[in-house]
Asker: 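Mind looking over this structure? Questions follow.
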Amino acid sequence: KNEVEQSPQNLTAQEGEFITINCSYSVGISALHWLQQHPGGGIVSLFMLSSGKKKHGRLIATINIQEKHSSLHITASHPRDSAVYICAVREGWTGGGADGLTFGKGTHLIIQP
Amino acid sequence: DTEVTQTPKHLVMGMTNKKSLKCEQHMGHRAMYWYKQKAKKPPELMFVYSYEKLSINESVPSRFSPECPNSSLLNLHLHALQPEDSALYLCASSQAQAMASKLFFGSGTQLSVL
């Protein structure tokens, strides 16, 4: 079973700072997801990566398959970015079926005004 | 429509009650998931349905009974729950045939068992 480690566990930063959250995993994967969860429960899928880099607004996600590592970056951070950011990996593909994800423990991010 | 809708949003039940959680999506996704999340912990996979068939059961106690009556609907039937089953129950969906596809989550049902 894959082991997914995130760092840091908690991060407090000032508005405008550049934020980096890291994720490493132990077993080869077919895809890695970055998820955002605000207080109250709802989870939003930010990115799904299998290689390279993706950008959406102020968010950038990168993955290095050889090193089994991914990073999520937030540029010009804002208090509304305060949330828990979760890395999750999907290991294999069951040939047309569907399987679940293995989740990291999450990074609790607070952006102060 | 890119929503996964879960009802109810909150549920309080006694240990002898029978209740059901409902999840609905109209994105044509053929994979649907139930996750359980305790406070300050990551979600834990409970069940996966693929093309309306149960494909993964992560050793979930039988007091939780999933049902997928059609491709848009996923239910979780609850019976004789324990207080430790109190948690946020999240439903998600994705395309089943893609090697890797994005997950769409509902906002969850916050369950309290008294």
Side-chain angles (χ1 to χ4, degrees), chain A residues 1-6 9-10 21 23 25 28-52 54 56 61 63 65 70 83-110, chain B residues 2-6 8-11 27 29-60 68 71 74 87-111:
Chain A
K1 192 171 169 71
N2 224 325
E3 306 230 340
V4 181
E5 299 285 340
Q6 278 187 244
Q9 287 187 312
N10 297 283
I21 299 171
C23 175
Y25 51 92
I29 60 170
S30 61
L32 182 143
H33 298 252
W34 281 104
L35 309 168
Q36 179 192 57
Q37 187 170 31
H38 279 105
I43 292 180
V44 174
S45 179
L46 299 175
F47 295 103
M48 186 193 66
L49 293 162
S50 53
S51 64
K54 287 191 176 180
H56 182 69
I63 188 168
I65 297 295
S70 176
V84 177
Y85 291 84
I86 304 170
C87 169
V89 300
R90 170 171 278 152
E91 290 170 26
W93 182 51
T94 53
D99 45 8
L101 300 175
T102 302
F103 291 82
K105 292 184 179 177
T107 294
H108 188 193
L109 174 65
I110 297 173
Chain B
T2 57
E3 273 197 0
V4 175
T5 304
Q6 285 189 246
K9 293 198 183 311
H10 302 274
L11 179 62
M27 294 178 277
H29 290 170
R30 303 304 293 275
M32 295 186 77
Y33 310 77
W34 280 115
Y35 288 91
K36 172 183 176 180
Q37 187 178 27
K38 302 283 270 184
K40 299 190 187 300
K41 299 285 187 184
E44 299 171 18
L45 182 66
M46 299 175 73
F47 302 105
V48 181
Y49 271 83
S50 178
Y51 295 92
E52 296 87 70
K53 288 188 173 18
L54 184 64
S55 62
I56 295 178
N57 176 342
E58 290 286 343
S59 303
V60 179
C68 189
S71 60
L74 184 67
L88 180 69
Y89 288 84
L90 291 159
C91 174
S93 71
S94 69
Q95 295 176 5
Q97 67 274 27
M99 178 176 286
S101 56
K102 198 172 174 180
L103 258 72
F104 291 80
F105 284 85
S107 55
T109 295
Q110 187 66 55
L111 174 67

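In what follows, chains are A, B, ... by sequence order, proteins preceding strands, each numbered from 1.
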Asker: With a 4.5 Å heavy-atom cut-off, do Val44(A) and Phe104(B) have their side chains touching?
Answerer: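 Sidechains of Phe104(B) and Val44(A): no contact.
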Asker: Does Glu58(B) CD have over 12 foreign heavy atoms under 6.0 Å away?
Answerer: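 Yes, enclosed.
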Asker: Rounded to the nearest 0.5 Å, how far does OG of Ser94(B) lie from CE of Met48(A)?
Answerer: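 If we round to the nearest 0.5 Å, Met48(A):CE and Ser94(B):OG are 9.5 Å apart.
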Asker: Identify, with sequence neighbours excluded, every residue that meets ring pair (Phe, Tyr, Trp, His ring centres under 6.0 Å) alongside Tyr85(A).
Answerer: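 Tyr85(A) satisfies ring pair (Phe, Tyr, Trp, His ring centres under 6.0 Å) with no residue once adjacent residues are dropped.
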Asker: My understanding is that only residues two or more places apart in sequence, or in another chain, count here; which of them pass ring pair (Phe, Tyr, Trp, His ring centres under 6.0 Å) with Tyr25(A)?
Answerer: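 Per chain and number, Tyr25(A) pairs via ring pair (Phe, Tyr, Trp, His ring centres under 6.0 Å) with no residue.
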Asker: Measure across Gly104(A) and Pro42(B) and return the closest heavy-atom pair with its distance rounded to 0.1 Å.
Answerer: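 Smallest interatomic distance, heavy atoms only, reads O-CB, 3.1 Å.
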Asker: What distance separates Tyr35(B) OH from Leu101(A) CG, expressed to the nearest 0.5 Å?
Answerer: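 Those atoms lie 4.0 Å apart.
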Asker: Let me confirm one number: the CZ-CD distance from Phe103(A) to Gln37(B), rounded to the nearest 0.5 Å.
Answerer: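 CD of Gln37(B) is found 8.0 Å from CZ of Phe103(A).
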Asker: Quick one: closest heavy-atom pair of Pro43(B) and Ile86(A), and the distance?
Answerer: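 Reported closest heavy-atom pair: CD-CD1, 4.3 Å.
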Asker: With a cut-off of 6.0 Å (strictly less than), are more than 12 heavy atoms of other residues, nucleotides or ligands near NZ of Lys38(B)?
Answerer: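 Buried by this count: over 12 neighbours within 6.0 Å.
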Asker: Using 0.5 Å steps for rounding, measure from the NE2 atom of His33(A) to the NZ atom of Lys102(B).
Answerer: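 If we round to the nearest 0.5 Å, His33(A):NE2 and Lys102(B):NZ are 10.0 Å apart.
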Asker: Got a second to check how far Leu45(B)'s CG is from Thr102(A)'s OG1, nearest 0.5 Å?
Answerer: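 These two atoms lie 8.5 Å from each other.
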Asker: Taking side chain as everything from C-beta outward and backbone as N, CA, C, O, which of these in Ile43(A) sits under 4.5 Å from a heavy atom of chain B? Side chain, backbone, both or neither.
Answerer: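 Both backbone and side chain of Ile43(A) come within 4.5 Å of chain B.
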